[in-house]
Asker: 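Sharing a structure below in structure tokens format, with a few things to ask.
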Protein chains: 2
Amino acid sequence: MTTTKTDYRASPAPAASQAHILVVDDDAQIRQLAAKFLREHGYRVSMARDGREMRGILEATSIDLVILDIMLPGGNGLDLCREIRASSALPVIMLTALGADTDRIVGLEIGADDYLGKPFNPRELLARINAVLRRTRGSVGTPQGTGHRLQFEGWSLDTRRRELTNPDGVVVDLSTGEYELLLTFLDYPQRALSRDTLMDSAKHRVATGFDRAIDIQVSRLRKKLDSSEDGQAMIKTIRGTGYMFVPAVTRA
Amino acid sequence: MTTTKTDYRASPAPAASQAHILVVDDDAQIRQLAAKFLREHGYRVSMARDGREMRGILEATSIDLVILDIMLPGGNGLDLCREIRASSALPVIMLTALGADTDRIVGLEIGADDYLGKPFNPRELLARINAVLRRTRGSVGTPQGTGHRLQFEGWSLDTRRRELTNPDGVVVDLSTGEYELLLTFLDYPQRALSRDTLMDSAKHRVATGFDRAIDIQVSRLRKKLDSSEDGQAMIKTIRGTGYMFVPAVTRA
DNA sequence: AGGGGACTGAAACAAACTGAAACACGGCTG
DNA sequence: CAGCCGTGTTTCAGTTTGTTTCAGTCCCCT
């Protein structure tokens with residue numbers, strides 16, 4: 001995996017780049033790893049070792065999202081999650097040990113916005129962060145929750161309903177894969193994305209080397225975006241590198 | 001975006017952490033176990049051995065939720081549940097002996113908000129308590145007992161009567177399984193739920209691997225929700241993952 | 001300018017996944 | 001006891017997705 005060389009966007013920063021994330025984990029290695037990766041992707045990151053430190057940081061600074069290990073010494077992560085939820089709507093993503101399915105149930109019901117098994121793929125973490133932020137952005141404090149709509153060249157992708165609407169207002173059916181792919185593009189517009197990046201961001205899996213899955217998926221997506229005149233041009237091929245989503249993207 | 005201290009789900013919690021729970025069970029061990037666990041998780045807990053003690057505590061203090069064993073010496077737990085319901089909207093979770101009759105019991109008009117097979121996983125108990133409190137929040141103390149009604153796109157699900165009403169005001173019959181499934185969806189709208197999660201949240205059991213039970217149940221539920229035009233779209237399939245309930249859900 | 005290798009677009013096929021009808025099973029009702 | 005209802009399983013058809021394959025493009029080199 002490579003950290004894409006192009007630096008991040010010139011235009012409508014999906015605001016993701018400004019979000020401030022707090023990583024709570026007692027394992028220094030995981031903390032560092034996550035922090036490094038997230039910083040490279042434009043987030044501000046703070047870290048805490050336990051509940052006490054977490055509270056301190058939450059009070060001292062303005063955090064947009066918390067990543068919380070479910071297993072913390074002296075104080076279950078679930079309790080911390082509930083504690084957060086008792087007083088705010090701060091988005092929380094739980095890290096759970098693999099295979100502990102009871103935690104899975106509870107992680108859901110306890111009010112976490114998402115959860116991720118350890119060890120996790122950094123890109124998947126990123127994807128989920130984006131998804132959660134997208135879901136909660138604007139909805140926090142705004143009852144009717146605007147902000148879940150991504151627009152470009154008259155098109156609109158409702159991330160809540162997973163629905164794409166063309167400039168004429170007609171809903172265009174997208175398969176799950178096409179939706180995820182488009183979403184990835186919309187998260188990083190005007191930026192060359194390698195097949196690798198697209199693969200694990202959109203499909204949550206690693207490229208197998210001689211894999212053309214992304215190509216064909218791009219091709220299919222293009223076809224659907226093509227109903228308008230310059231649909232073809234929306235996703236530009238960057239030879240030897242990957243693809244780039246050209247139009248400017250705004251949130252509504 | 002700022003860390004708004006507003007809750008986006010519902011009104012900001014009569015803080016789960018402050019809720020007062022009454023455990024009614026004649027088995028001292030279970031009482032202790034549940035109480036200890038719940039206290040560790042921030043609840044206030046009272047205990048009663050039978051119906052008489054229960055009444056005493058209900059009158060003396062302010063209880064937010066009752067956990068009630070269905071098998072009690074001298075006085076069926078079901079009767080106690082009805083008794084509670086006759087005079088209040090106090091949420092009740094029933095503990096039932098594991099096995100055959102759980103399903104049947106639930107189908108009956110006991111009016112419990114949820115149930116749990118014994119022996120139970122403490123975390124699952126916690127999860128269901130949270131879910132029930134979230135659902136009924138605001139209803140307790142409100143004489144008219146609103147709050148047990150979940151609404152979406154003109155539809156309304158009355159969790160007390162286990163009754164679904166379509167936008168025209170017509171009651172649509174739901175089987176037990178369909179009801180539980182819909183309830184789970186309504187608890188976690190706009191969120192991809194895996195078959196596993198749906199299975200143990202809605203059916204109180206673990207998926208057996210090559211299980212299509214959820215699929216067919218979703219299919220049946222869809223059909224019933226379909227009487228309106230875009231019923232099909234309400235439950236979206238997320239290939240390779242599970243299902244998602246699309247409409248916004250409000251409690252009334 | 002021409003040729004060759006590497007890369008991409010997309011059709012064709014195959015595998016995986018999902019929808020739903022049909023059937024089977026168990027409990028309940030009359 | 002026969003039939004009905006709710007539910008899970010089986011099964012088959014329809015979708016979606018990934019791989020293979022081949023043709024067309026682009027780039028570099030001579």
Side-chain angles (χ1 to χ4, degrees), chain A residues 162 164 172-184 192-196 198-226 231-245, chain B residues 96 99-109 162-164 172-184 192-196 198-200 202-226 231-245:
Chain A
R162 295 184 150 240
L164 177 65
V172 176
D173 276 326
L174 287 184
S175 75
T176 302
E178 289 158 355
Y179 170 81
E180 298 281 350
L181 180 60
L182 177 55
L183 195 52
T184 301
L193 300 173
S194 73
R195 290 181 174 73
D196 275 4
L198 290 168
M199 188 60 107
D200 40 34
S201 172
K203 304 210 170 305
H204 303 189
R205 64 167 220 200
V206 205
T208 64
F210 29 62
D211 213 338
R212 303 284 309 278
I214 286 294
D215 297 60
I216 180 65
Q217 205 67 301
V218 165
S219 155
R220 284 167 178 151
L221 183 54
R222 272 178 175 155
K223 203 175 294 176
K224 294 202 177 175
L225 289 175
D226 207 12
Q232 197 64 328
M234 280 200 230
I235 301 174
K236 184 182 289 184
T237 303
I238 301 187
R239 190 180 173 80
T241 305
Y243 299 92
M244 186 174 95
F245 191 78
Chain B
T96 79
D101 40 14
T102 53
D103 283 341
R104 177 169 49 87
I105 288 166
V106 172
L108 300 179
E109 27 58 81
R162 298 186 150 241
E163 217 174 62
L164 177 65
V172 176
D173 277 326
L174 286 185
S175 74
T176 304
E178 289 158 356
Y179 170 81
E180 299 277 346
L181 181 59
L182 178 56
L183 190 54
T184 300
L193 300 174
S194 72
R195 289 181 174 73
D196 276 4
L198 290 169
M199 191 59 111
D200 41 37
K203 303 216 167 305
H204 301 241
R205 62 168 223 201
V206 204
T208 66
F210 28 58
D211 215 337
R212 303 283 309 276
I214 286 293
D215 297 58
I216 180 64
Q217 205 68 300
V218 166
S219 159
R220 284 168 178 150
L221 184 53
R222 272 178 175 156
K223 203 175 295 175
K224 295 202 176 174
L225 290 175
D226 207 13
Q232 196 65 328
M234 279 202 231
I235 301 174
K236 194 158 285 194
T237 303
I238 300 180
R239 175 176 249 259
T241 304
Y243 298 92
M244 185 177 97
F245 190 78

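Chain letters run A, B, ... following the sequence lines, proteins first, then strands; residues in each count from 1.
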Asker: Check every strand shown and say whether A:Y179 touches a base, only sugar-phosphate, or nothing at a heavy-atom separation below 4.0 Å.
Answerer: nothing

Asker: Take the protein atom CG of B:D215 and the nucleotide atom P of D:dA13, then report the distance between them rounded to whole Å.
Answerer: 18 Å

Asker: Do B:L174 and B:K224 come close enough that some side-chain heavy atom pair is under 4.5 Å?
Answerer: yes

Asker: Rounded to the nearest 0.5 Å, how far apart are CG of A:L181 and OG of A:S175?
Answerer: 9.0 Å

Asker: Output yes when at least one side-chain N/O atom of A:S219 is less than 4.0 Å from OP1 or OP2 of C:dT8, else no.
Answerer: no

Asker: Take atom CG of A:L181 and atom P of D:dG18, then tell me their distance rounded to the nearest Å.
Answerer: 10 Å

Asker: Could you tell me how far apart A:I235 (CD1) and C:dT8 (P) are, to the nearest whole angstrom?
Answerer: 15 Å

Asker: Each nucleotide N or O in nucleotides 3-9 of chain D that has a protein N or O under 3.5 Å away: list the pair and distance.
Answerer:
unit_1 : atom_1 : unit_2 : atom_2 : d
D:dT7  : OP1    : B:G177 : N      : 2.8
D:dT7  : OP2    : B:S175 : OG     : 2.1
D:dG8  : N7     : B:R220 : NH1    : 3.3
D:dG8  : O6     : B:R220 : NH2    : 2.7
D:dT9  : OP2    : B:D211 : OD1    : 2.7

Asker: What's the separation between atom CE in A:M244 and atom CG in A:L193, rounded to the nearest 0.5 Å?
Answerer: 9.5 Å

Asker: Write down the protein N/O and nucleotide N/O pairs, taken from nucleotides 4-6 of chain C, whose separation is under 3.5 Å; answer none if there are no such pairs.
Answerer:
unit_1 : atom_1 : unit_2 : atom_2 : d
C:dA6  : N3     : A:R239 : NH2    : 3.2

Asker: What are the two closest non-hydrogen atoms of B:G177 and B:Q217, and how far apart are they?
Answerer: CA-NE2, 3.7 Å

Asker: Looking at residues at least two apart in the chain, or sitting in another chain, which of them share a side chain to side chain donor-acceptor pair (under 3.5 Å) with A:T237?
Answerer: A:R222

Asker: Do B:Y179 and B:L164 come close enough that some side-chain heavy atom pair is under 4.5 Å?
Answerer: no

Asker: Using a cut-off of strictly less than 4.0 Å, decide whether B:Y243 has a side-chain nitrogen or oxygen near OP1 or OP2 of C:dG19.
Answerer: yes

Asker: In the structure I gave you, are the side-chain heavy atoms of B:E178 and B:D173 within less than 4.5 Å of one another anywhere?
Answerer: no

Asker: State, yes or no, whether a side-chain contact exists between B:R162 and B:L183 at a heavy-atom distance under 4.5 Å.
Answerer: no

Asker: With a cut-off of less than 4.0 Å, is there a side-chain N or O of B:K236 near OP1 or OP2 of C:dG19?
Answerer: no

Asker: From CZ of A:R222 over to P of C:dA11, roughly how many Å is that when rounded to an integer?
Answerer: 13 Å

Asker: Within the distance-only criterion (no hydrogens, no angle test), does the side chain of A:S201 pair as donor or acceptor with the backbone N or O of A:T184 below 3.5 angstrom?
Answerer: no

